[in-house]
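In what follows, every chain begins at residue 1, and chains take the letters A, B, ... in the order their sequences are listed.
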Protein chains: 2
Amino acid sequence: MKNISSKTISRVLLCVRTLESLMREGKITISSGGLARITGLTDVQIRKDISNFGKVGIPRVGYNIRDLKTVLEEFILRKNVIRVILFGAGNLGKAILKYAGFGKQKLKIVAAFDRDKKKSEKVINGVKVYPFEKALFLIKKSTADIGVIAVPQEASQEVADLIVAAGIKSIVNFAPVSLKVPKEVHVRNIDLTIEFLSAYCDASV
Amino acid sequence: MKNISSKTISRVLLCVRTLESLMREGKITISSGGLARITGLTDVQIRKDISNFGKVGIPRVGYNIRDLKTVLEEFILRKNVIRVILFGAGNLGKAILKYAGFGKQKLKIVAAFDRDKKKSEKVINGVKVYPFEKALFLIKKSTADIGVIAVPQEASQEVADLIVAAGIKSIVNFAPVSLKVPKEVHVRNIDLTIEFLSAYCDASV
DNA sequence: GCAATATCGTGAAATTTGTAACGATTATGC
DNA sequence: GCATAATCGTTACAAATTTCACGATATTGC
Ligand SMILES: NC(=O)c1ccc[n+]([C@@H]2O[C@H](COP(=O)([O-])OP(=O)(O)OC[C@H]3O[C@@H](n4cnc5c(N)ncnc54)[C@H](O)[C@@H]3O)[C@@H](O)[C@H]2O)c1
Ligand SMILES: NC(=O)c1ccc[n+]([C@@H]2O[C@H](COP(=O)([O-])OP(=O)(O)OC[C@H]3O[C@@H](n4cnc5c(N)ncnc54)[C@H](O)[C@@H]3O)[C@@H](O)[C@H]2O)c1
């Protein structure tokens, strides 16, 4: 398969989300132009992204929504359940644990860890919060696909090291710190401060 | 001034965050190579980004941390306080309200709104949560720079329309919905589902 | 059945973004 | 003071990404 760029992946996931929403509305087909109007992407971009995965469209008709969703998901997700492990059950971690929307997609939070005894040993929205000390042992037994870091910045590198040691290859990092990880491990940083400031700057600069 | 791309802005904000951290450590100067090692960017990219804003560096020495930070902030932030208005004081909204880190940067949450009577009329971390009905009136009086949407997806377009009506030009949208806004309004979408899935796909596809 | 038309898929052109190379400049050590 | 070395700023080059243009194809209406 061709190398799919990170930008393409984000756009395709946006399309998948939109296709799901169209399915819920009972729609059967959608054109690249229609998807473009909803998502804010361009029609050509959508067709080109889709063309990475084969020929799914029907000229003069567009795409069958269910088929397109299936094809896109098969190529980029390729698993029915993507297993997430969460570090830090503080303000942000709890919001993530309580969010029902992940399950509707293929994301499943399989465990959470917190160093604070008052927070661990609880169950939030069906997910058990374990004490941090047990993390390495438990993670190694149950392979996870993604590690999410929602701990204070001082602890974030230590947690990243543990995630790497457990053999997990994807990290989502909410701490405002640039993590050091081996190059085969992929980190996606979400620093909300930077996101907010970028939103402001993009509009004003 | 030249047109600064959105990517440059994100990188510069990352550098500013790093410079702050270096200042706290008591460092005085840093080279582009040093910044590159910490941030994961490349030294050339950093020098090129900085060159958008003038000549701040000293050959053979690098950059004075305080000076560089000042120059970068002056050019891209240009305000001492960036005022944020938050919609939705649910799980995510509360996490945002309780986060102390925004204030250390120049972000200030000036008001929050929630439709649920049980949540409004409270004060969280010094920020008052108002009932949603009062939003348009209150926002128009106190101009804000950014509107943050942390309401359920059904309500997100309605809230976006209100933010637009209040004359705010930047939106950060956490709802998994593509908003319709006039083209002069800038939307930054943060769909955590897509972020998590992207992190997984980037590492595996 | 056939012309008309909407839409797909795609190679080529244009634009944007990132990289490499290198002269210019300043501190350091002798 | 002068050679040396580190680092900046910038120009030229390369790679990635987006946009354009258009041929191919399936449906619709007559
Ligand atoms: N809340 C926000 O809106 C927000 C915004 C921007 C950035 N962040 C960043 O996200 C991270 C989490 O923020 P928060 O507001 O949830 O903080 P928080 O203090 O509410 O929660 C952090 C949790 O991590 C736990 N913890 C500490 N060390 C740990 C370890 N080694 N392993 C497991 N758990 C550990 C703490 O006990 C605590 O429960 C921070 O790095 C913060 O800078 C948060
Ligand atoms: N929590 C997460 O980790 C997470 C993850 C991904 C996406 N999201 C998205 O973020 C948004 C918020 O998520 P949440 O978990 O905080 O949901 P939540 O249900 O906990 O909170 C939503 C809040 O918005 C309020 N609200 C409803 N309509 C409103 C209106 N018109 N104006 C003001 N307030 C209104 C509700 O009363 C509620 O308090 C949702 O769109 C969700 O899909 C959240």
Phosphate oxygens OP1/OP2 of [N]: is one of them under 4.0 Å from a side-chain N or O of [X]?
{"X": "R47(B)", "N": "dC8(D)", "answer": "yes"}
{"X": "K55(A)", "N": "dT25(D)", "answer": "no"}
{"X": "Y63(B)", "N": "dG9(D)", "answer": "yes"}
{"X": "S32(B)", "N": "dT7(D)", "answer": "no"}

Please report, rounded to the nearest Å, how far the [atom2] atom of [N] is from the [atom1] atom of [X].
{"X": "D67(B)", "N": "dC8(D)", "atom1": "CG", "atom2": "C1'", "answer": "15 Å"}
{"X": "L35(A)", "N": "dC8(C)", "atom1": "CG", "atom2": "P", "answer": "9 Å"}
{"X": "R60(B)", "N": "dT28(C)", "atom1": "CZ", "atom2": "C1'", "answer": "6 Å"}
{"X": "F53(B)", "N": "dC8(D)", "atom1": "CZ", "atom2": "P", "answer": "16 Å"}
{"X": "D43(A)", "N": "dC8(C)", "atom1": "CG", "atom2": "P", "answer": "8 Å"}

CD1 of I149(B) to CG of L92(B), rounded to nearest 0.5 Å, is 12.0 Å
Testing the 3.5 Å rule here: is there a donor-acceptor pair between the side chains of S5(B) and T8(B)?
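Note: S5(B) and T8(B) side chains meet the donor-acceptor criterion.
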Quick test: give all pairs of protein nitrogen or oxygen and nucleotides 18-20 of chain D nitrogen or oxygen below 3.5 Å, distance rounded to 0.1 Å.
from: dT18(D); atom 1: OP1; to: R11(A); atom 2: NH1; distance (Å): 3.1
from: dT18(D); atom 1: OP2; to: R11(A); atom 2: NH1; distance (Å): 3.0
from: dT18(D); atom 1: OP2; to: R11(A); atom 2: NH2; distance (Å): 3.1
from: dT18(D); atom 1: O5'; to: Q45(A); atom 2: NE2; distance (Å): 3.4
from: dT19(D); atom 1: O4; to: K48(A); atom 2: NZ; distance (Å): 2.8

